[in-house]
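Count residues from 1 along the sequence. Order of appearance sets the numbers: ligands from 1, and atoms from 1 within every ligand.
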Amino acid sequence: MKITKAVIPAAGFGTRFLPATKAVPKEMLPIIDKPTIQYIAEEAIRAGITDMLIITSRGKDAIVNHFDKAFELEAILERDGKEELLKAVREVSDRLDVHFIRQREQKGLGHAVLCAKSFIGSEPFAVMLGDDVVDSDEPCIGQLMNEFDKCGSTVLGVQKVGAEHVSKYGIVDCERVDGKLYKVNGMVEKPKPEDAPSDIAVLGRYVLTPGIFKCLEKTPRGAGGEIQLTDGIVMLGETEDIYAYDFDGRRYDIGSKQGFLQATVDFALKRGDLKSEFAEYICKTADKIRG
Ligand code: UTP
């Protein structure tokens with residue numbers, strides 16, 4: 001079955017980025033001149049997604065406004081012949097139907113995904129976390145969708161993170177099936193390094209079957225007192241096969257300061273209009289740091 005819908009959970013508080021996120025949703029913080037959520041929308045478009053549901057919460061109206069039509073602004077840009085800017089402003093809304101729903105209480109990622117139940121219905125669907133940006137030639141979610149086409153079951157996007165980082169992620173207990181595809185036998189949310197079944201972490205991209213909703217409805221609060229998507233997937237694994245795919249690409253956790261800074265630098269160094277001057281600045285700064 002073809003996947004056309006993506007769910008973007010973006011209702012979290014973003015406490016790691018306070019005070020910036022007191023009034024501005026972290027998904028709206030720009031990497032150079034584009035809000036992070038737009039990079040995610042562009043990845044979805046490249047993978048063939050046609051409908052995107054963003055899970056928002058109180059104080060996140062800037063996200064809704066970003067994907068809305070800006071009549072006045074567009075009229076002015078049109079009048080002034082600013083074609084490039086007009087294209088930039090319209091880019092996503094012209095190519096993707098964007099829908100919104102509010103998670104009224106932030107009970108966790110699993111609960112945020114459950115809010116998409118009636119929008120999704122009985123189809124498999126993509127989940128792309130609002131604060132994970134992946135830079136790759138082939139869109140990360142598209143890679144998982146291709147694997148789903150082959151195995152017809154839930155596929156989690158994973159990469160090795162190193163033992164010292166396992167306590168930040170959902171970690172899978174898995175065995176290799178073929179190349180970069182693994183069969184998942186179990187999963188633990190944010191384990192201590194000594195309890196982690198591996199150092200292979202789920203990194204913000206999923207293709208899920210609709211069976212997940214029944215599981216999430218029964219999932220009790222887990223790590224951090226939140227309804228964890230990881231726990232829902234473990235329950236789903238009791239009746240369906242779960243796979244993990246080691247995707248190609250560099251993933252940035254934009255919700256962390258380091259991830260945000262690294263994405264800003266790397267993306268700037270890839271931009272034709274910024275690269276040479278910025279690279280020179282970075283080299284000079286590196287020389288200063290080295291003394
Ligand atoms: P995070 O824990 O990384 O996001 O959740 P957060 O809670 O916003 O960030 P910090 O830790 O306070 O800085 C992972 C993803 O799940 C979403 C977040 O928006 C993020 O995309 N989420 C989390 C929800 O949509 N609802 C929730 O109740 C919790």
Which residue owns the protein heavy atom closest to atom 21 (O) of ligand 1, what's the atom, and how far is it?
-> Pro9 O, 2.9 Å
Can you check whether Leu129 reaches Pro9 side chain to side chain, under 4.5 Å on heavy atoms?
-> yes
Would you call Glu105 a ligand 1 contact, heavy-atom distance under 4.0 Å?
-> no
Quick one: does atom 19 (O) of ligand 1 have a protein heavy atom under 4.0 Å from it?
-> yes
Short N/O distance, under 3.5 Å, between Leu129 and ligand 1?
-> no
Contact (N/O only, under 3.5 Å) between Gly108 and ligand 1 | yes
Is Ala112 in polar range of ligand 1, meaning some N or O pair under 3.5 Å apart?
-> no
Does His111 have a non-hydrogen atom less than 4.0 Å from ligand 1?
-> no
Identify the residue among Asp173, Ile233, Ile242 that makes a side chain to side chain contact (heavy atoms under 4.5 Å, CB included) with Met187.
-> Ile233
In the protein, what heavy atom is nearest to atom 12 (O) of ligand 1, and what distance, to one decimal place, separates them?
-> Thr15 OG1, 2.5 Å
Check whether any N or O atom of Leu109, backbone or side chain, sits under 3.5 Å from an N or O atom of ligand 1, and answer yes or no.
-> no
Does the side chain of Gln159 reach to within under 4.5 Å of the side chain of Val134, using non-hydrogen atoms?
-> no
Under 4.5 Å between any side-chain heavy atoms of Leu229 and Leu216, yes or no?
-> yes
Give the residue, atom name and distance (to 0.1 Å) of the protein heavy atom nearest atom 5 (O) of ligand 1.
-> Asp131 OD2, 4.6 Å
Any N or O on Glu226 sitting closer than 3.5 Å to an N or O of ligand 1?
-> no
Compute the ring centroids of Phe125 and Phe119, then answer whether they are less than 6.0 Å apart.
-> no
So which heavy atom in the protein is nearest atom 25 (O) of ligand 1, and how far is it from that ligand atom?
-> Ala11 N, 3.0 Å
Pairs involving residues 6-26, ordered by first then second residue, that meet side chain to side chain donor-acceptor pair (under 3.5 Å) (sequence neighbours left out) | Arg16-Asp253, Lys26-Asp131
Would you call Glu217 and Lys214 a salt bridge, using N to O less than 4.0 angstrom?
-> no
Could you find the nearest protein heavy atom to atom 11 (O) of ligand 1 and give me its residue, atom name and distance?
-> Arg16 NE, 3.2 Å
Residue pair Glu175 / Tyr182, side-chain heavy-atom distance below 4.5 Å | no
Per-atom contacts, ligand 1 versus Lys107 - under 4.0 Å to a heavy atom = 28 (O)
What about Ile55: any of its N or O atoms under 3.5 Å from an N or O on ligand 1?
-> no
Does ligand 1 have an atom that lies less than 4.0 angstrom from a heavy atom of Gly255?
-> no
List every atom of ligand 1 that sits less than 4.0 Å from any heavy atom of Glu27, numbering the atoms from 1 in the order shown and giving each element.
-> 19 (O)
Pairwise side-chain contact, Val161 with Leu203, heavy-atom cut-off 4.5 Å (strictly under) | yes
So, is Phe13 polar-close to ligand 1, with some N/O to N/O distance under 3.5 Å?
-> yes
Applying salt bridge (charged side-chain N to carboxylate O under 4.0 Å, His left out), name anything that partners Glu280, two or more places apart in sequence or on another chain.
-> Lys284
Taking the inter-plane angle between the rings of Phe67 and Phe100 on a 0 to 90° scale, is it parallel (under 30°), tilted (30 to 60°) or perpendicular (over 60°)?
-> tilted
Sub-4.5 Å side-chain heavy-atom contact between Ile31 and Ile254 = yes
Atoms of ligand 1 under 4.0 Å from any heavy atom of Gln106, numbered from 1 in the order shown, are 28 (O)
Option set Gly130, Gly12, Ala10, criterion heavy-atom distance to atom 23 (C) of ligand 1, minimum = Gly12
Heavy-atom neighbours of Arg221 CZ exceed 12 at 6.0 Å = yes
What protein heavy atom is closest to atom 26 (N) of ligand 1, reported as residue, atom name and distance in Å?
-> Gln103 OE1, 2.7 Å
How close does the nearest protein non-hydrogen atom get to atom 4 (O) of ligand 1, and which residue and atom is it?
-> Lys26 NZ, 3.1 Å
